[in-house]
K.L.:
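The structure is given below, and queries will be raised subsequently.
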Amino acid sequence: MSSVIYERLRRNPKFDELVQKRGRFAWTLAAIVLIIFYGFFMLIAFNPKMLGQPIAEGSMWAIGYTAELVMFVFFWLLTLLYVRRANGEFDDLTAQIIKEAQKETN
Amino acid sequence: MAAAAGPALQGEIQTQPTNWHAIIMFMIFVTMTMGITYWAAGRTKSTADFYTAGGGITGFQNGLAIAGDYMSAATLLGLTAMTFSRGYDAYIYMMAFFAGWPIILFLMAERLRNLGRFTFSDITSYRLDPSVRTMAALSSLVVVVFYLIAQMVGAGQLIKLLFGLEYNVAIFAVGVLMMVYVTVGGMVATTWVQIIKACLLLFGGTLVLILGFSQFGFSLTTLLEKAQAVHKQGTSLMAPGSLLSDPVTALSLGLGLMFGTAGLPHILMRFFTVGNAKEARKSVLYASGFVGFFFNVIFLMGLVAILLVGQNPEYFEGGDIKGALIGGGNMVAMHLAHAVGGNMLLGFLAAVAFATILAVVSGLALAGASAIAHDIYARVIRKGECTDKEEIKVSRIATIALGILAIILGIAFEKMNIAFMVGLAFGVAAAANFPVLILSMYWKGLTTRGALWGGYSGVTSAVLFVVFSKSVWVDVLHNAAPLFPYTQPALFAMPIAFICAYVFSVSDSSARATKEREAFEDQYVRAQTGFGASGASH
């Protein structure tokens, strides 16, 4: 029984739209985090000296510390960005798809 | 070195460790949480109440509870201690602990909520054979036990220092309190213990930092100049050091902590306590905000401690600042609290640390108990044919059994470094739970055979790599040289799990496998839309 509804949900072109849009958005953000994170870990492994250098002559702020602090803030802002869009645009679209599938039953 | 605030009582300290401030504040915490547990008991009737607080937790509450669950005693004590002794290396660890959160949000949170009910094994076995559930439950238990050991050891050391209790007695007290919270109050009580503790921890840590940092005019430059002048690492204090000197260890640690976070059963379980995917996403937003903030607080605390604790003979055995810290290396955060706020603040932070341990072990015990009672007993042994009452009863028995096990193991592992131990738990979570979970949600081709091979090979290889590494093979079993040269298993164990899951899935041509691949369609639609999800109001 529920399989019928799932079939109907899936046939709705809006379903493809939702999956594509959200998938692309989520994977783009994930890729950004993964590339920065593992890029940073490769720097730690292969060029630790550089990360210990100050960001400017005479400064006590090391490149590694500063970069990581920025990463903390940036990654969190990405989560904010995702939650905003997913809880707004994507959830509205989801609600529409479900509504339309249920309408067909009646 | 004078304290900045708090009532006096400096001068002669230590060796008579009974701290009434700590005891009284801790008693207040216990009384309050016991009250909540009593209240929660009245609201715990069904299995849904017991495991997931009936799905009635809001995103904000859950975000705090996740933060409370995730920021363990090892975080507070172990990472301040690591900053104190190794400087910047600790900050790298913190980033690795943090970066898993965005990934969980983007790739997992929504699907977890849409597919799961009580445990993450609900998801891995959604369209697969119950034997997959057994496997997922067993690997959950391995992670839970590793993590429990770390928490128990931290608890024992802390209480020994503060209350003058025997280590074994302290471990026993933690185990018993945990059993009470979980068996009586289930997830409702556990959640509120975690929320309260998260607030106390955020407040306490921030207060200690503000008081300490104010002595340096809130200037990182001043702080670092002074710290580098006295620290044994000197000017390389803020550079990556020996901990991650080789690329393999660095990468393996990064993988283990990031994907380990995404495979911790007690964390995954928290996604089922909210009503829908919207709240699940908000949970991660809040949780990662609190966690990220707190890591930065802890790092600065560790740096401040280099001067305020590391230069004060009062905190060293025999008053020798080149010697050992009183109470052991993990007590840096506690000494710092004393240095900036006297016995009052020390008491407060100690009570918070104790509360932290209780909150985390309770979450772990509940995750372990749900693996035993929901997955293995109700679903596999009784094939779903058992009443809520019976299942809750088994959960309670399982909680007590886990409590006893935690006490025994806590005593056995007394001498281990707790931050390191948590790293090992993460490695197993990353290699055993994460691969099968993510494949079951994303890959149509995963079959029962592939999932079983992936899961069991992940758990076995992660555990063996850990056992053969220096930390167990040499330090615990006293062999001459480790059989596995690295301390972090993830880089090796994760590919083994993924490859096994892939190879044994694609080569599976049984009729069951065909059906399982077909069943992915419905699961996929539900994962995407949340339609049919438990607790959702569609």
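Lettering follows sequence order; numbering is per chain, from 1.
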K.L.:
Would you say A/Tyr6 and B/Gln523 are linked by a side-chain donor-acceptor pair, where the criterion is simply a distance under 3.5 Å?
P.N.:
no
K.L.:
Non-hydrogen atoms of chain A under 4.5 Å away: do they reach the side chain of B/Phe293, the backbone, both or neither?
P.N.:
neither
K.L.:
Side chain, backbone, both or neither: which part of A/Phe25 has an atom under 4.5 Å from a heavy atom of chain B?
P.N.:
neither
K.L.:
Pick one of side chain, backbone, both or neither for B/Ile92, based on which atoms fall under 4.5 Å of a heavy atom in chain A.
P.N.:
both
K.L.:
In terms of heavy-atom pairs under 4.5 Å, which option from A/Ala95, A/Ala86, A/Gly23 contacts chain B the most?
P.N.:
A/Ala86
K.L.:
Quick one: does B/Tyr524's side chain get under 4.5 Å of A/Val19's, heavy atoms only?
P.N.:
yes
K.L.:
Checking A/Leu93 against chain B: side chain, backbone, both or neither under 4.5 Å from a heavy atom?
P.N.:
neither
K.L.:
Less than 4.5 Å to any heavy atom of chain B: does that hold for the side chain of A/Met42, its backbone, both, or neither?
P.N.:
side chain
K.L.:
I need the residue from A/Gln53, A/Lys49, A/Met71, A/Arg22 with the largest number of non-hydrogen atom pairs under 4.5 Å to chain B.
P.N.:
A/Arg22
K.L.:
Given heavy-atom pairs under 4.5 angstrom as the criterion, report whether the side chain, backbone, both or neither of B/Met94 touches chain A.
P.N.:
both
K.L.:
Which bit of A/Phe72 is near chain B, if near means a heavy-atom gap under 4.5 Å: side chain, backbone, both or neither?
P.N.:
both
K.L.:
I want to check something: taking the side chain as every heavy atom from C-beta on, are B/Tyr88 and A/Glu68 in contact at a cut-off of under 4.5 Å?
P.N.:
yes
K.L.:
Using non-hydrogen atoms and a 4.5 Å limit, figure out which bit of A/Thr79 sits close to chain B: side chain, backbone, both or neither.
P.N.:
both
K.L.:
Does any part of the side chain of A/Leu78, heavy atoms only, come nearer than 4.5 Å to the side chain of B/Pro102, both counted from C-beta?
P.N.:
no
K.L.:
Between B/Ala109 and chain A, with a heavy-atom cut-off of 4.5 Å, which part of the residue counts as in contact: side chain, backbone, both or neither?
P.N.:
neither
K.L.:
Please flag which part of A/Phe40 lies under 4.5 Å from any non-hydrogen atom of chain B: side chain, backbone, both or neither.
P.N.:
side chain
K.L.:
Step through it carefully: locate the ring centre of B/Tyr91, locate the ring centre of A/Tyr65, and say whether they are under 6.0 Å apart.
P.N.:
yes
K.L.:
Using distance alone, with no hydrogens and no angle criterion, decide if A/Arg10 and B/Gln528 have a side-chain donor and acceptor under 3.5 Å apart.
P.N.:
no
K.L.:
May I ask you to check whether over 12 heavy atoms, not counting those of B/Lys515, lie within 6.0 Å of atom NZ?
P.N.:
no
K.L.:
With heavy-atom distances below 4.5 Å as the criterion, would you say the side chains of B/Met258 and A/Leu34 are in contact?
P.N.:
yes
K.L.:
Please tell me whether B/Phe295 and A/Trp76 form a close aromatic pair, meaning their ring centres lie under 6.0 Å apart.
P.N.:
no
K.L.:
Contact part of A/Ala45 toward chain B, heavy-atom cut-off under 4.5 Å: side chain, backbone, both or neither?
P.N.:
both
K.L.:
Does any part of the side chain of B/Leu255, heavy atoms only, come nearer than 4.5 Å to the side chain of A/Phe41, both counted from C-beta?
P.N.:
no
K.L.:
Is the closest side-chain heavy-atom distance between A/Val33 and B/Phe106 below 4.5 Å?
P.N.:
yes
K.L.:
Between B/Leu285 and chain A, with a heavy-atom cut-off of 4.5 Å, which part of the residue counts as in contact: side chain, backbone, both or neither?
P.N.:
both
K.L.:
Please state whether the side chain, the backbone, both or neither of A/Leu51 comes within less than 4.5 Å of a heavy atom of chain B.
P.N.:
both
K.L.:
Less than 4.5 Å to any heavy atom of chain A: does that hold for the side chain of B/Leu107, its backbone, both, or neither?
P.N.:
side chain
K.L.:
Using 0.5 Å steps for rounding, measure from the OG1 atom of B/Thr529 to the CD1 atom of A/Ile98.
P.N.:
5.0 Å
K.L.:
Can you tell me which residue among B/Glu279, B/Arg281, B/Lys278 is in a side-chain hydrogen bond (donor to acceptor under 3.5 Å, both in side chains) with A/Asn87?
P.N.:
B/Arg281
K.L.:
Can you confirm whether A/Met60 sits close enough to B/Met238 that some side-chain heavy atom of one is under 4.5 Å from a side-chain heavy atom of the other?
P.N.:
no
K.L.:
Taking C-beta and beyond as the side chain, do B/Thr221 and A/Trp61 meet within less than 4.5 Å on heavy atoms?
P.N.:
yes
K.L.:
Around atom CZ of A/Arg84, are there more than 12 heavy atoms of other residues, nucleotides or ligands at under 6.0 Å?
P.N.:
no
K.L.:
With a 4.5 angstrom heavy-atom cut-off, could you sort out which part of B/Ser236 is near chain A: side chain, backbone, both or neither?
P.N.:
neither
